[in-house]
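In what follows, a single structure is set out as structure tokens and then discussed.
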Amino acid sequence: MHRRIFAPGALAAATLLLAIPASAASYAPGAPGIGDPYYPYYGNGGYDVSHYDLRLKYQPATDELEGTATIEARTTQDLSSFDLDFLLDVSEVRVNGAKAAFAASGQHELVVTPKTPLAAGTPVTVVVRYSGVPSTKSAYGFSTWHRTPDGAVAADEPEAAWWWFPSNDHPLDKATYDVSVAVPDGTQALSNGTLQSTSSKLGWTRYNWRENKPQATYLATLAVGKFDITTGTSEGGVPVVNAYSKDLGDNDGAARASVERTGELVDWLSGYFGTYPFSSAGGYVPNTTTGYALETQTRIYYSPRQFANGSNTSVVVHELAHQWYGDDVSLKGWKDIWINEGFARYAQWLWSEHEGEGTTQELADYVYASHPADDAFWTVKPGDPGPDDQFDAAVYDRGALAVQTLRNEVGDDAFFAILKGWPKEHAYGNASVADFRTYAEQVSGKSLSALFETWLFQPSKPAASSAGAASLARSAKAAAQPKSWKTIEATNDVHGG
């Protein structure tokens with residue numbers, strides 16, 4: 001305790017302060033960001049969400065969205081106010097039943113001031129009533145809400161929630177979801193997880209979806225449109241729901257020939273990664289002009305352009321691999337993106353080997369040989385690439401090369417034990433690159449600090465000898481292009497425009 005000397009004029013004020021309970025003085029606003037250095041204002045401080053209940057009504061013709069979000073959370077500090085990440089127009093906020101004051105702040109913050117301050121550890125129910133036209137909203141100069149000829153899609157990374165529901169928008173705060181969406185009869189609404197029920201009334205049909213496993217906010221998706229929906233069950237027992245816009249044109253056949261293999265590919269990946277972690281699998285292909293795919297949990301988003309050159313099972317493998325690496329085990333901070341993308345890319349390499357179109361080692365040799373030492377490719381550090389290079393090709397390709405190097409170093413038995421054990425070790429939680437290294441060392445019994453530093457954090461081309469593979473040394477000047485390479489390379493911008 002520190003003694004403080006008060007000036008005489010301050011004595012009365014000090015006496016008044018002493019009359020206030022000490023606990024009241026500790027109440028403070030929650031931080032407007034969760035603390036991620038890549039995105040300082042993404043997520044929020046002071047509370048942890050356990051469940052989102054979203055009851056929505058959407059009119060495709062006008063892009064009008066009405067919603068009531070009920071958020072179940074618990075405070076992690078004494079709060080006088082807290083932020084939600086959100087862009088639409090709010091008409092009312094209630095906290096534990098009482099009306100709360102609210103105001104927009106910054107690019108995408110909604111500041112909520114409850115009628116009564118909230119003590120740390122308090123269960124909190126927040127109800128937000130809102131409406132708006134999402135396509136008219138932007139933050140930081142962009143929008144992640146995509147209109148289609150017959151509806152709209154919310155699917156993007158690292159942010160998408162702001163345009164359709166208020167949230168603590170960072171992967172660190174995962175929650176379960178109920179998403180209920182009313183749309184005009186003849187239109188469908190898709191979201192994550194399992195379709196619990198549908199009902200029709202007065203020209204509107206309501207779809208009720210549930211994701212019962214923790215899910216990061218950027219992995220929540222909403223798609224409204226006119227879809228052809230297919231359902232089935234994989235040979236391993238995983239329910240599969242796929243959907244295709246009815247106006248995909250020439251890309252329709254290739255999209256179906258790819259996405260309809262989801263069940264087969266889930267079972268195949270389970271052999272490497274362990275039991276599929278969710279209640280359903282599947283994907284949807286809306287009629288958008290975007291060029292990327294995204295691992296939205298259980299219901300993967302694919303752009304039609306992914307299938308412009310014919311069937312593309314490689315991209316399906318990539319996004320399905322994320323269900324374990326990225327969705328089940330999510331990153332702690334966006335700098336940990338290698339755990340998502342390096343392993344999803346490596347799954348494509350495993351598929352290439354399975355298809356007889358190039359082994360994982362041949363692909364590693366080719367990547368290493370294709371980029372000379374002065375190539376900017378080697379200046380990107382997959383273990384901490386920075387926000388501008390978060391989805392750079394090097395995070396995928398150099399990232400997968402690091403995975404192959406790890407395999408060569410620890411041997412196949414330990415490597416495949418790591419590959420399968422990691423999603424179980426951190427199931428439905430969050431982990432960092434440092435956590436992965438620790439786990440790999442535990443399983444393999446080897447010190448891997450030098451390997452990780454060289455292949456994930458060194459901004460220069462590693463020496464071939466450090467890969468633990470003689471073939472890299474042989475391929476330092478030239479390597480044959482594996483048959484699968486062009487297909488794999490085409491997914492380098494899988495999260496780009």
Side-chain angles (χ1 to χ4, degrees), residues 269 271-274 295 314 317-326 328-329 331 336-354 358-371 377-378 380-385 391-423 425-426 431-444 446 448-458 461-462 464 466-469 471-472 475 482 484-485 488-489 491-492 494:
L269 285 166
Y272 289 104
F273 299 151
E295 64 270 19
S314 189
V317 167
H318 181 103
E319 301 305 335
L320 285 173
H322 276 309
Q323 304 304 303
W324 287 266
Y325 281 77
D328 178 8
V329 185
L331 40 72
D336 299 310
I337 192 67
W338 170 72
I339 296 179
N340 294 20
E341 301 305 346
F343 286 87
R345 173 51 49 88
Y346 195 75
Q348 293 177 270
W349 290 15
L350 289 168
W351 180 246
S352 167
E353 187 165 291
H354 175 77
T359 67
T360 60
Q361 188 60 59
E362 287 168 346
L363 284 156
D365 293 345
Y366 183 73
V367 168
Y368 186 84
S370 296
H371 299 280
F377 175 87
W378 299 109
V380 176
K381 300 177 291 184
D384 188 2
F391 301 112
D392 189 89
V395 174
Y396 296 73
D397 293 334
R398 184 179 174 181
L401 180 53
V403 176
Q404 179 67 27
T405 305
L406 173 66
R407 177 179 175 179
N408 294 337
E409 177 67 23
V410 303
D412 277 6
D413 288 349
F415 175 76
F416 288 112
I418 293 166
L419 209 59
K420 185 174 285 188
W422 172 255
E425 178 77 4
H426 293 279
S432 66
V433 173
D435 293 328
F436 184 87
R437 192 194 86 189
T438 298
Y439 180 73
E441 289 179 333
Q442 289 172 350
V443 174
S444 68
K446 291 194 171 191
L448 299 170
S449 57
L451 185 151
F452 273 67
E453 177 62 31
T454 299
W455 290 91
L456 294 181
F457 296 99
Q458 178 179 298
K461 186 172 184 174
S466 66
S471 60
L472 272 190
S475 70
S484 62
W485 178 251
I488 293 171
E489 187 181 36
T491 59
N492 273 349
V494 75

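Just so you know, these numbers use all the heavy atoms, side chains as well, and skip hydrogens, waters and symmetry mates.
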I need the minimum non-hydrogen distance between [X] and [Y], along with the two atoms involved.
X: Ile337; Y: Pro385; result: CG2-CG, 3.8 Å
X: Val403; Y: Gly342; result: CG2-O, 4.0 Å
X: Glu295; Y: Glu341; result: OE2-OE2, 4.5 Å
X: Pro423; Y: Val329; result: CA-CG2, 3.6 Å
X: Ile488; Y: Ser352; result: CD1-CB, 4.3 Å
X: Ala321; Y: Ala347; result: CB-CB, 3.6 Å

Less than 4.5 Å apart, side chain to side chain, heavy atoms only: is that true for [X] and [Y]?
X: Phe416; Y: Lys420; answer: no
X: Trp378; Y: Gln458; answer: no
X: Phe343; Y: His322; answer: no
X: Leu448; Y: Val410; answer: yes
X: Phe457; Y: Val433; answer: yes
X: Tyr366; Y: Leu363; answer: no
X: Asn408; Y: Phe415; answer: no
X: Leu331; Y: Trp338; answer: no

>> Determine whether Phe377 and Val367 satisfy the following criterion, side-chain contact (heavy atoms from CB on, under 4.5 Å), listing intermediate values before the conclusion.
In response: CA-CA 10 Å; Phe377 175 87; Val367 168; 4.0 Å; yes

Look up atom [atom1] in [X] and atom [atom2] in [Y], then write down how far apart they are to the nearest 0.5 Å.
X: Ile418; Y: Glu441; atom1: CD1; atom2: CD; value: 9.5 Å
X: Leu401; Y: Tyr368; atom1: CG; atom2: OH; value: 8.5 Å
X: Gln361; Y: Glu353; atom1: CD; atom2: CD; value: 9.5 Å
X: Tyr439; Y: His426; atom1: OH; atom2: NE2; value: 8.0 Å
X: Asp336; Y: Asp384; atom1: CG; atom2: CG; value: 8.0 Å
X: Glu362; Y: Ser484; atom1: CD; atom2: OG; value: 9.0 Å

>> Could you go through Asp392 and Arg398, starting from their C-alpha distance and side-chain angles, then the distance that decides it, and tell me whether this counts as side-chain contact (heavy atoms from CB on, under 4.5 Å)?
In response: CA-CA 10 Å; Asp392 189 89; Arg398 184 179 174 181; over 6 Å; no

> Going by atom types alone, do Asp435 and Ser432 pair a side-chain donor with an acceptor below 3.5 Å?
Replying inline: yes

> Do other residues, nucleotides or ligands put more than 12 heavy atoms under 6.0 Å from the CG atom of Asp412?
Replying inline: yes

> What do the steps show when you test Asp397 against Glu489 for side-chain contact (heavy atoms from CB on, under 4.5 Å), and what is the final call?
Replying inline: CA-CA 9 Å; Asp397 293 334; Glu489 187 181 36; 5.9 Å; no

N/O donor-acceptor pair under 3.5 Å between [X] side chain and [Y] backbone:
X: Ser444; Y: Ala414; answer: no
X: Thr454; Y: Leu451; answer: no
X: Asp328; Y: Gln323; answer: no

> Is the gap between the ring centers of Phe436 and Tyr325 under 6.0 Å?
Replying inline: no

> Aromatic ring centroids of Tyr346 and Tyr272 under 6.0 Å?
Replying inline: no

> Should Trp422 and Phe273 be marked as a side-chain contact (heavy atoms from CB on, under 4.5 Å) after you check the CA-CA gap, both sets of side-chain angles, and the distance that decides it?
Replying inline: CA-CA 8 Å; Trp422 172 255; Phe273 299 151; over 6 Å; no

